[in-house]
Amino acid sequence: MPSAPATDLTTTLTRWYDAHARDLPWRRPEFHEQYGAWGTLVSEFMLQQTPVARVIPHLDAWLTRWPSAPSAAIASPADVVNQWANLGYPRRALWLHRAAIEVTERHGGTVPRDVDALLALSGIGDYTARAVAVFHYGDRHPVVDTNTRRVIARAVDGRSQPGPPAKRDLDRMTALLPDDEHRAAVFNAAMMELGATVCTARAPRCEACPIADRCAWLAAGRPDTGDDRRRQAKYEGSDRQVRGIVLRALREAPEHRMLADAVAADWVDRGQRDRAIDSLMSDGLIEADGEALLLPR
DNA sequence: TACTCGTGGGG
DNA sequence: TCCCCAAGAGT
């Protein structure tokens, strides 16, 4: 007969987190003192779909240049897109810039604490809004990302992978959250850290897992329960690839300006190249000036 | 809901 | 080599 866990989930995860959490810039008290909620907001924007190791140097550079929302709000879109460099998904740079303007105009330059106010900002969804409210302000909300969804799928549901994201994920995370605000914040961080470093997507290290004794998936023998997530579209030859080539060329060009004909000139499918340029323009990531293309002013 | 949107490191 | 995946959000 299996014995009940000696310690409740929150305490177990909190102890593990205290001993094993990575020392990341946005977890340091000085970071919050220096940059306030703006620092957390910028870090979370960059962490949307970009790995931690790649974010760290860019975050430092960004906050050195723009240490507050109002300072970023008066930058040009070109400066922002260029500073974003190769972080990927460059629309995020424009949305972050827009959010900085909104924070300056609507909230007097201070990133708001209220989740609904955060959700109303450009580029901020369920994850980022609650991450700011929890990790900077210390409030009690469910922070649901790919890591927490995977940990719940395994530990609670006994499945090898989570299903597609759904609104219901928020309620499931809430159900696990301790009542105390501070403990809830640590619980959110610990679930994410566990998913990022132990309960990983590909090769989970169950032998190092603090909650292995109560994991439904491990108890079931780590079955492959299938994966109903949608696979990422092929990148090679895609519109995204062409967009990436075009934008990189403009970032690296003198004055961030090039003759349109010279951009991605060796891309064989000319029609696809032109469509990519059109879509970048409609996103506001580039603009046309006569025969030239340039980053938006 | 389904699809799009970059870039690079690791298995 | 190739494929997978990464602190998601907007449409």
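Keep in mind that the numbers below use all heavy atoms, side chains included, and drop hydrogens, waters and symmetry copies. A, B, ... follow the sequence lines: proteins, then strands. Residue 1 opens every chain.
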- Query: Given the P atoms of B:dT4 and C:dA7, what is the spacing between them in whole Å?
  - Reply: 23 Å

- Take the protein atom CZ of A:Arg231 and the nucleotide atom C1' of C:dA6, then report the distance between them rounded to whole Å. 16 Å

- Item | A:Asn147 CG - C:dA6 C1' separation (whole Å) | 9 Å

- When the distance from NZ of A:Lys234 to C1' of B:dC5 is rounded to whole Å, what number comes out? 18 Å

- Residue pair A:Glu193/A:Gly123 against DNA chain C: nearer the 5' end by closest nucleotide is A:Glu193

- Task: Using atom CZ of A:Phe135 as one end and atom C1' of C:dA7 as the other, report the distance to the nearest whole Å.
- Result: 8 Å

- Closest-nucleotide 5' rank along DNA chain C - winner of A:Thr200 and A:Thr128: A:Thr200

- Message: Using a 4.0 Å heavy-atom cut-off, does A:Ala131 contact any base of the nucleic acid, only the sugar-phosphate backbone, or nothing at all?
- Response: nothing

- Query: Base, sugar-phosphate, or nothing for A:Leu96, non-hydrogen atoms under 4.0 angstrom?
  - Reply: nothing

- Message: Please classify the nucleic acid contact of A:Ser43 as base, sugar-phosphate, or nothing, using heavy-atom distances under 4.0 Å.
- Response: nothing

- Note on the structure: Checking B:dT4, C:dA6, C:dA7 against the side chain of A:Arg91 (C-beta onward), the nearest is B:dT4

Output side-chain donor-acceptor pairs under 3.5 Å for residues 221-228 of chain A, partner residues at least two apart or in another chain, one line each.
residue, atom, partner, partner atom, Å
A:Asp224, OD1, A:Gly226, N, 2.9
A:Thr225, OG1, A:Ser160, N, 2.9
A:Thr225, OG1, A:Ser160, OG, 3.1
A:Asp227, OD1, A:Arg229, N, 2.9
A:Asp227, OD1, A:Arg229, NE, 2.9
A:Asp227, OD2, A:Arg229, NE, 3.2
A:Asp227, OD2, A:Arg229, NH2, 2.6

- Task: To the nearest 0.5 Å, tell me how far A:Arg92 CZ sits from A:Ser122 OG.
- Result: 15.0 Å

- When rounded to the nearest 0.5 angstrom, what is the spacing between CD in A:Glu105 and NE2 in A:His107? 10.5 Å

- Just compare B:dT4, C:dA7, C:dC5 and give me whichever is closest to any side-chain atom of A:Ala201. C:dC5

- List the atom of A:Thr200, the atom of A:Arg154, and the distance in Å for their closest heavy-atom pair. O-NH1, 2.8 Å

- Item | Side chain of A:Thr146 (C-beta onward), nearest among C:dC4, C:dG10, C:dG8 | C:dG8

- Query: When the distance from CG of A:Leu118 to P of C:dA9 is rounded to whole Å, what number comes out?
  - Reply: 12 Å

- Members of residues 165-190 of chain A that approach DNA chain B, where some heavy atom sits under 4.0 Å away: none

- Message: Run the side chain to side chain contact (heavy atoms under 4.5 Å, CB included) test against A:Ala196 and tell me which residues pass, sequence neighbours left out.
- Response: A:Arg22, A:Asn147

- Task: Would you indicate what A:Trp26 reaches in the nucleic acid, counting non-hydrogen atoms under 4.0 angstrom: base, sugar-phosphate, or nothing?
- Result: base

Write out a two-atom table: protein N or O, nucleotide N or O from nucleotides 7-11 of chain B, distance below 3.5 Å.
residue, atom, partner, partner atom, Å
B:dT7, O2, A:Arg54, NH1, 2.9
B:dG8, OP1, A:Asn86, ND2, 2.8
B:dG8, OP2, A:Arg248, NH2, 3.3
B:dG9, N2, A:Arg202, NH2, 3.4
B:dG10, N2, A:Arg202, NH1, 3.4

- Just say parallel, tilted or perpendicular for the rings of A:His136 and A:His32, cut-offs at 30° and 60°. parallel

- Task: Would you mind classifying the nucleic acid contact of A:Asp283 as base, sugar-phosphate or nothing, using non-hydrogen atoms under 4.0 angstrom?
- Result: nothing

- Taking CZ from A:Arg275 and C1' from B:dT4, how many angstroms apart are they, rounded to a whole number? 15 Å

- Item | Option passing side-chain contact (heavy atoms from CB on, under 4.5 Å) with A:Arg273 (candidates A:Val268, A:Ile245, A:Asp239, A:Val263) | A:Val263

- Query: Other than A:Val143, which residues form its hydrophobic cluster under the rule that side-chain heavy atoms must be closer than 4.5 Å?
  - Reply: A:Tyr127, A:Val134, A:Phe135, A:Met192

- Message: Taking the P atom in each of B:dG6 and C:dT11, what is the distance between them to the nearest angstrom?
- Response: 14 Å

- Query: Tracing side-chain links under 4.5 Å among I, L, V, M, F, W and Y, which residues wind up in one group with A:Met173?
  - Reply: A:Leu9, A:Leu13, A:Trp16, A:Tyr17, A:Val144, A:Val151, A:Ile152, A:Val156, A:Leu170, A:Leu176, A:Leu177, A:Val186, A:Phe187, A:Met191, A:Leu194, A:Val198, A:Ile211

- Query: Do the side-chain N or O atoms of A:Arg229 get closer than 4.0 angstrom to the phosphate oxygens (OP1, OP2) of B:dT1?
  - Reply: no

- Candidate pair A:Leu63 and A:Trp38, rule side chain to side chain contact (heavy atoms under 4.5 Å, CB included), full reasoning: CA-CA 9 Å; A:Leu63 289 174; A:Trp38 169 249; 3.6 Å; yes

- Looking at the side chain of A:Arg92, which of C:dC3, C:dA7, B:dG6 is the nearest nucleotide? B:dG6

- Expressed in angstrom and rounded to an integer, what is the separation of A:Leu41 atom CG from C:dA7 atom C1'? 13 Å

- Query: Within this structure, what is the CD-to-P distance between A:Glu44 and C:dA9, rounded to whole angstrom?
  - Reply: 9 Å

- Task: May I ask you to say what A:Arg150 touches in the nucleic acid, namely base, sugar-phosphate or nothing, with a heavy-atom cut-off under 4.0 Å?
- Result: sugar-phosphate

- Query: Between A:Val115 and A:Ala129, what is the shortest heavy-atom contact and its length?
  - Reply: O-CB, 4.1 Å

- Task: Please tell me which of the listed nucleotides, B:dC5, B:dA2, C:dA6, lies nearest to the side chain of A:Asp239?
- Result: B:dC5

